[in-house]
A.B. asks: 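Okay, here's the structure, questions in a sec.
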There are 2 protein chains.
Amino acid sequence: MATIQDVAKKAGLSRTTVSRVINEHPYVTEEKKRLVTQAMQELNYVPNSSARRLRRQQTETIAVYVPRITNPFFSHLVEVMEKEAAKKGYQLILCQTRYKKEQERNFLELLKTKQVDGLILTSIENDWSEFEPYLSFGPIVVCNEYSDSAQVPSVYLNQIEGSYLGTKHLIDQGYTKIGYCTGNHKSSRVSKDRKIGFLQALDDAGIMMKEEWFFYNAYSVQDGFAAFKKLSELDDKPQAVFTGSDEVAAGIAKAAFDAGWRVPDDLAIIGFDNQPLAALMDLTTVEQPIDTIAKQAMNLMVEAIQAKKPLSRKEVILPFQLIQRSST
Amino acid sequence: MATIQDVAKKAGLSRTTVSRVINEHPYVTEEKKRLVTQAMQELNYVPNSSARRLRRQQTETIAVYVPRITNPFFSHLVEVMEKEAAKKGYQLILCQTRYKKEQERNFLELLKTKQVDGLILTSIENDWSEFEPYLSFGPIVVCNEYSDSAQVPSVYLNQIEGSYLGTKHLIDQGYTKIGYCTGNHKSSRVSKDRKIGFLQALDDAGIMMKEEWFFYNAYSVQDGFAAFKKLSELDDKPQAVFTGSDEVAAGIAKAAFDAGWRVPDDLAIIGFDNQPLAALMDLTTVEQPIDTIAKQAMNLMVEAIQAKKPLSRKEVILPFQLIQRSST
DNA sequence: TCTGATTATGAAAACGATTTCATGAATTCG
DNA sequence: CGAATTCATGAAATCGTTTTCATAATCAGA
């Protein structure tokens with residue numbers, strides 16, 4: 001493996017000059033530049049990134065936290081982020097927290113040990129105070145999730161509005177008995193706000209809610225099946241159900257269909273995210289502009305890294321859109 | 001940011017001894033060990049990974065190539081790989097090649113510049129000769145795809161068998177006019193073999209194939225819609241269709257349903273992968289043991305890195321399973 | 001008690017780049 | 001023409017570890 005020293009020797013110049021050529025610094029004559037370039041080619045030389053990282057004190061790498069990459073919402077987020085990062089010369093390290101507090105904390109060492117320049121969080125399990133001390137090691141940007149106490153840039157959607165929009169749609173369609181089926185992480189601001197928006201919409205319309213129409217811890221298609229089962233066994237059943245994701249909505253729709261129910265006549269269903277799945281199952285859903293939040297979060301991160309000082313609190317808030325299909 | 005030097009000073013010892021404690025080398029008295037540990041804690045010290053990488057000449061990082069992380073087959077693969085890697089103390093860098101030759105080549109620099117210890121390829125766009133020269137910089141393991149000329153370990157499934165299994169099932173159900181709808185990368189061994197298995201099954205049953213029943217470049221749900229459109233406009237329509245993925249199958253099923261066709265009476269459909277989507281749409285499908293191939297590929301990679309010499313050609317082949325549902 | 005191993009420690013040399021500093025040559029300016 | 005810039009280059013310091021080598025102290029065996 002050739003080093004910069006070998007190149008220098010071959011070109012009959014110093015390491016310094018070779019380094020200047022590599023990094024496109026001024027004050028090198030065309031003549032020497034040519035010599036160096038040629039020597040590099042002949043030796044098949046490429047600078048060793050570990051050495052460069054050490055000297056430069058930066059890694060050109062960013063860690064992205066997601067709960068699970070198989071969740072289509074998060075894989076979409078990551079897809080866009082990786083593209084954007086590659087465009088700017090950064091790489092992505094994938095950190096799956098698996099909805100576990102401890103797993104999430106483990107990955108924080110990446111920042112502290114200088115394996116990455118910064119952290120993008122798309123979901124938050126721990127209290128913000130766990131992250132706070134790590135800010136001195138590099139920038140942290142929050143995307144999708146948000147926390148009031150976090151003194152960092154956040155790119156997110158106002159989930160109160162999102163769920164209000166969806167719930168209002170159900171109400172406008174004439175439903176008055178509406179169920180609520182979502183995941184429900186205590187520490188997740190997204191969860192909390194979705195519920196607030198939901199209740200607000202009911203309240204504004206003067207509609208009552210029943211405790212037994214709340215179904216929690218629903219994340220997957222399977223969970224949707226289970227939710228439908230519980231729902232269908234109630235004496236007083238809801239006419240419509242608001243869900244936290246298209247997967248759950250799809251699960252409910254499928255289970256309902258299998259049980260011989262008609263959607264939306266026997267049960268109206270609204271999803272969240274507008275995944276390809278939603279189109280497939282003809283689900284009405286609330287669309288989130290994933291591409292935009294992913295891009296903006298990545299841009300803020302790169303900006304923070306290059307500015308070399310932590311960005312202060314900053315919120316970037318984007319709108320939702322209702323996609324109406326035949327499930328409502 | 002505290003360095004090992006600071007710790008040494010605080011503990012009244014040398015860098016060497018501190019390093020020994022960190023790396024759990026023998027020949028350090030309990031007494032000094034305690035001193036060092038305490039100093040490290042007080043200074044909130046963590047070893048700088050760039051320096052360690054440089055000295056150790058290894059990165060504890062592995063690059064994984066996928067076409068797109070939003071493709072559920074690949075996100076599943078990556079999910080399992082990341083888990084397995086984390087277990088062994090390695091991180092994953094995500095490389096999306098976007099089915100582009102050039103993009104794929106670009107990422108090869110990661111290995112050459114020593115940003116990663118090894119490469120796992122889950123899809124291959126370029127000819128193997130493009131990868132060959134990089135073998136001197138670190139191990140490469142192939143997972144899912146395979147290439148006859150590649151002198152590296154490959155964990156893959158015999159796609160001839162897989163598509164034979166699926167096609168045979170259609171034939172056993174009594175269909176004789178069978179369409180074929182898949183992606184079709186010239187350089188992909190998977191594509192080629194699937195087609196071979198398909199044709200073989202037809203041939204073994206003495207069934208004829210029509211050129212107009214082949215539909216190529218189908219990867220997504222959308223592509224499934226398009227394929228159905230073309231199919232439905234034929235004078236002589238197939239009774240069943242073999243697809244290369246559950247997404248495509250789901251797209252066809254949905255389009256067929258919307259057009260008022262009954263599945264499987266008017267058109268039988270078989271998918272591939274057994275994604276959650278397949279259960280949802282009640283699609284018969286050929287299941288691939290994704291968890292197993294992902295784990296085995298990662299284990300081979302870690303083994304190769306730790307053995308410090310490139311592993312030779314080695315094939316690990318695993319079986320398929322037919323999941324029958326109501327679409328056939 | 002002497003010899004040879006074993007245990008415990010530190011000084012200094014890597015690892016491979018970039019950056020600072022020094023210096024001489026060439027150019028511009030008054 | 002001499003002084004002040006600007007241009008071009010290289011020697012050496014630096015980034016923060018780990019590893020090699022040297023050395024002293026302790027221990028075991030004859």
Side-chain angles (χ1 to χ4, degrees), chain A residues 1-37 39-40 43-61 109-117 137-138 308, chain B residues 1-37 39-40 43-61 109-117 137-138 308:
Chain A
M1 195 63 236
T3 74
I4 198 172
Q5 184 67 279
D6 302 332
V7 176
K9 192 178 292 175
K10 181 141 212 157
L13 293 164
S14 71
R15 295 206 297 278
T16 315
T17 305
V18 176
S19 174
R20 283 206 183 92
V21 174
I22 296 171
N23 297 288
E24 297 179 314
H25 285 171
Y27 304 149
V28 183
T29 54
E30 283 307 317
E31 164 69 3
K32 316 265 156 145
K33 210 175 278 182
R34 210 181 40 70
L35 280 172
V36 170
T37 315
M40 290 202 294
L43 292 170
N44 197 17
Y45 167 83
V46 170
N48 177 303
S49 83
S50 301
R52 178 177 261 188
R53 282 174 179 224
L54 174 58
R55 182 62 237 224
R56 282 256 191 90
Q57 299 284 65
Q58 47 169 299
T59 66
E60 258 123 43
T61 307
E109 293 302 301
L110 287 179
L111 190 59
K112 197 170 174 186
T113 61
K114 249 307 162 204
Q115 309 215 44
V116 299
D117 291 337
F137 302 114
K308 278 189 176 147
Chain B
M1 196 63 236
T3 74
I4 198 173
Q5 183 66 280
D6 302 332
V7 176
K9 191 178 291 174
K10 181 143 212 156
L13 294 163
S14 72
R15 294 205 296 278
T16 315
T17 306
V18 177
S19 173
R20 284 207 182 89
V21 173
I22 295 171
N23 298 288
E24 296 179 316
H25 286 172
Y27 305 148
V28 183
T29 54
E30 283 307 319
E31 164 69 2
K32 316 264 155 147
K33 211 177 274 182
R34 210 182 40 69
L35 279 172
V36 170
T37 316
M40 289 202 296
L43 292 170
N44 196 19
Y45 168 82
V46 169
N48 176 305
S49 83
S50 301
R52 177 176 264 188
R53 282 174 180 225
L54 174 59
R55 183 61 238 225
R56 286 255 192 91
Q57 298 285 67
Q58 48 169 298
T59 66
E60 258 123 42
T61 307
E109 292 303 301
L110 288 178
L111 190 58
K112 196 169 177 187
T113 60
K114 249 307 163 205
Q115 309 217 43
V116 300
D117 291 337
F137 303 114
K308 280 193 176 145

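Each chain gets a letter, A, B and so on, in the order its sequence line appears, and its residues count up from 1. Atoms considered below: every heavy atom in the structure, side chains included; atoms not considered: hydrogens, waters and symmetry mates.
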A.B. asks: Quick check: closest heavy atoms across A:Pro47 and A:Arg52, and the distance to 0.1 Å?
C.D. replies: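 Looking at all heavy atoms of both residues, the shortest contact is CG-NH2, 4.1 Å.
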
A.B. asks: Over how many whole Å does the gap from B:Ile4 atom CD1 to C:dG10 atom P extend?
C.D. replies: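 So the CD1-P distance, B:Ile4 to C:dG10, works out to 12 Å.
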
A.B. asks: Of B:Gly12 and A:Ala51, whose closest DNA chain C nucleotide lies nearer the 5' terminus?
C.D. replies: B:Gly12

A.B. asks: D:dT17 P sits how many Å from B:His25 NE2, rounded?
C.D. replies: 15 Å

A.B. asks: Rounding to a whole Å, what distance do you find between A:Ile22:CD1 and C:dA17:P?
C.D. replies: 7 Å

A.B. asks: If you measure from NZ on A:Lys32 to OG1 on A:Thr37, what distance do you get to the nearest 0.5 Å?
C.D. replies: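 Those atoms lie 13.5 Å apart.
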
A.B. asks: Looking at D:dG16, I'd like to know if its phosphate oxygens (OP1 or OP2) sit under 4.0 Å from a side-chain N or O belonging to B:Thr3.
C.D. replies: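 Answer no for this pair, as no side-chain N or O of B:Thr3 is under 4.0 Å from OP1 or OP2.
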
A.B. asks: Toward the 5' end of DNA chain D, which comes first, B:Val18 or A:Leu54, by nearest nucleotide?
C.D. replies: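 Between the two, 5'-proximity favours A:Leu54.
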
A.B. asks: Output one letter per nucleotide in nucleotides 22-27 of chain D: B when a protein non-hydrogen atom lies under 4.0 Å from the base, S when only the sugar-phosphate is that close, - when neither is.
C.D. replies: ------

A.B. asks: Quick one: is D:dT17 close enough that its OP1 or OP2 comes under 4.0 Å of any side-chain N or O from B:Ser19?
C.D. replies: no

A.B. asks: For the OG atom of A:Ser14 and the CD atom of A:Gln5, what is their distance to the nearest 0.5 Å?
C.D. replies: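 Taking OG in A:Ser14 and CD in A:Gln5, the distance rounds to 9.5 Å.
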
A.B. asks: Nearest whole Å is fine: how far is C:dA8 C1' from B:Lys33 NZ?
C.D. replies: 12 Å

A.B. asks: Nearest whole Å is fine: how far is C:dT9 P from B:Glu30 CD?
C.D. replies: 11 Å

A.B. asks: So which protein N/O to nucleotides 26-29 of chain C N/O distances come out below 3.5 Å?
C.D. replies:
none

A.B. asks: If we ignore angles and hydrogens, is there a donor and acceptor under 3.5 Å between the side chains of B:Thr16 and B:Ser19?
C.D. replies: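 Distance-only check fails for B:Thr16 and B:Ser19.
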
A.B. asks: Of all heavy-atom pairs between A:Asp117 and A:Glu60, which one has the smallest distance, and what is that distance?
C.D. replies: OD2-N, 2.7 Å

A.B. asks: How close do A:Thr113 and A:Leu110 get, counting heavy atoms only, and between which atoms?
C.D. replies: OG1-O, 3.6 Å

A.B. asks: For the helix from C:dT1-D:dA30 to C:dG30-D:dC1, what angle separates the axis at the start from the axis at the finish, each from five pairs, in steps of 10°?
C.D. replies: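 It comes to 30° between the two terminal axes.
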
A.B. asks: Between A:Asn48 (CG) and C:dA17 (C1'), how many Å, whole number?
C.D. replies: 7 Å

A.B. asks: What are the two closest heavy atoms between A:Val18 and A:Val36, and how far apart are they?
C.D. replies: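 A:Val18 and A:Val36 have their closest heavy atoms at CG1-CG1, 4.0 Å.
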
A.B. asks: Output one line per pair: protein atom, nucleotide atom from nucleotides 12-14 of chain D, and distance, for all N/O pairs under 3.5 Å.
C.D. replies:
{"from": "D:dA13", "atom 1": "N6", "to": "A:Arg15", "atom 2": "NH2", "distance (Å)": "3.3"}
{"from": "D:dT14", "atom 1": "O2", "to": "A:Arg55", "atom 2": "NH1", "distance (Å)": "2.4"}

A.B. asks: With a 4.0 Å limit, can you tell me whether A:Gln57 has a side-chain N or O closer than that to the phosphate oxygens OP1/OP2 of D:dG16?
C.D. replies: yes

A.B. asks: Please report the shortest heavy-atom distance between B:Phe137 and A:Asn44, naming the atom on each side.
C.D. replies: CZ-ND2, 4.2 Å

A.B. asks: Mind calculating the distance between CZ (A:Arg56) and C1' (C:dA17) to the nearest angstrom?
C.D. replies: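 After rounding, the gap between these two atoms is 9 Å.
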
A.B. asks: NZ of A:Lys9 to CG of A:Leu43: how many Å apart, nearest 0.5 Å?
C.D. replies: 11.0 Å

A.B. asks: Set out, in order, the CA-CA distance, both residues' side-chain angles and the distance that settles side chain to side chain contact (heavy atoms under 4.5 Å, CB included) for B:Val28 and B:Glu31, then state yes or no.
C.D. replies: CA-CA 8 Å; B:Val28 183; B:Glu31 164 69 2; over 6 Å; no

A.B. asks: For the pair made of NZ in B:Lys112 and P in C:dG16, what is the distance, rounded to whole Å?
C.D. replies: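 From B:Lys112 NZ to C:dG16 P: 16 Å.
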
A.B. asks: Let me confirm one number: the CG-OG distance from B:Leu54 to A:Ser49, rounded to the nearest 0.5 Å.
C.D. replies: 9.5 Å

A.B. asks: Say you draw a straight line from CG of B:Leu35 to OG1 of B:Thr29; how long is it, rounded to the nearest 0.5 Å?
C.D. replies: 8.0 Å

A.B. asks: Could you walk me through whether A:Met40 and A:Ile22 pass the side chain to side chain contact (heavy atoms under 4.5 Å, CB included) test, one step at a time?
C.D. replies: CA-CA 10 Å; A:Met40 290 202 294; A:Ile22 296 171; 3.9 Å; yes

A.B. asks: Determine, stepwise, if the pair A:Gln57 / B:Asn48 fulfils side chain to side chain contact (heavy atoms under 4.5 Å, CB included).
C.D. replies: CA-CA 10 Å; A:Gln57 299 284 65; B:Asn48 176 305; 4.1 Å; yes

A.B. asks: Check nucleotides 5-8 of chain D against the protein and report each pair of N or O atoms closer than 3.5 Å, with its distance, or say if there are none.
C.D. replies:
{"from": "D:dC7", "atom 1": "OP2", "to": "A:Tyr27", "atom 2": "OH", "distance (Å)": "2.6"}

A.B. asks: Among the nucleotides C:dA17, D:dT17, C:dC15, which one has an atom lying closest to any side-chain atom of B:Pro47?
C.D. replies: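 It is D:dT17.
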
A.B. asks: I would like to know whether A:Leu13 and A:Arg20 meet side chain to side chain contact (heavy atoms under 4.5 Å, CB included); could you show each step before the answer?
C.D. replies: CA-CA 11 Å; A:Leu13 293 164; A:Arg20 283 206 183 92; over 6 Å; no

A.B. asks: Hey, does the side chain of B:Asn23 come within less than 4.0 Å of D:dT18's phosphate (OP1/OP2), counting only N and O?
C.D. replies: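 So the side chain of B:Asn23 is within the cut-off, an N or O lying under 4.0 Å from OP1 or OP2 of D:dT18.
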
A.B. asks: Who are the side chain to side chain contact (heavy atoms under 4.5 Å, CB included) partners of A:Glu30, not counting sequence neighbours?
C.D. replies: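 By the side chain to side chain contact (heavy atoms under 4.5 Å, CB included) rule, A:Glu30 matches A:Lys33.
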
A.B. asks: Tell me yes or no: between the side chains of A:Arg53 and A:Thr61, is some donor less than 3.5 Å from an acceptor?
C.D. replies: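 Yes, side-chain donor-acceptor contact under 3.5 Å.
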
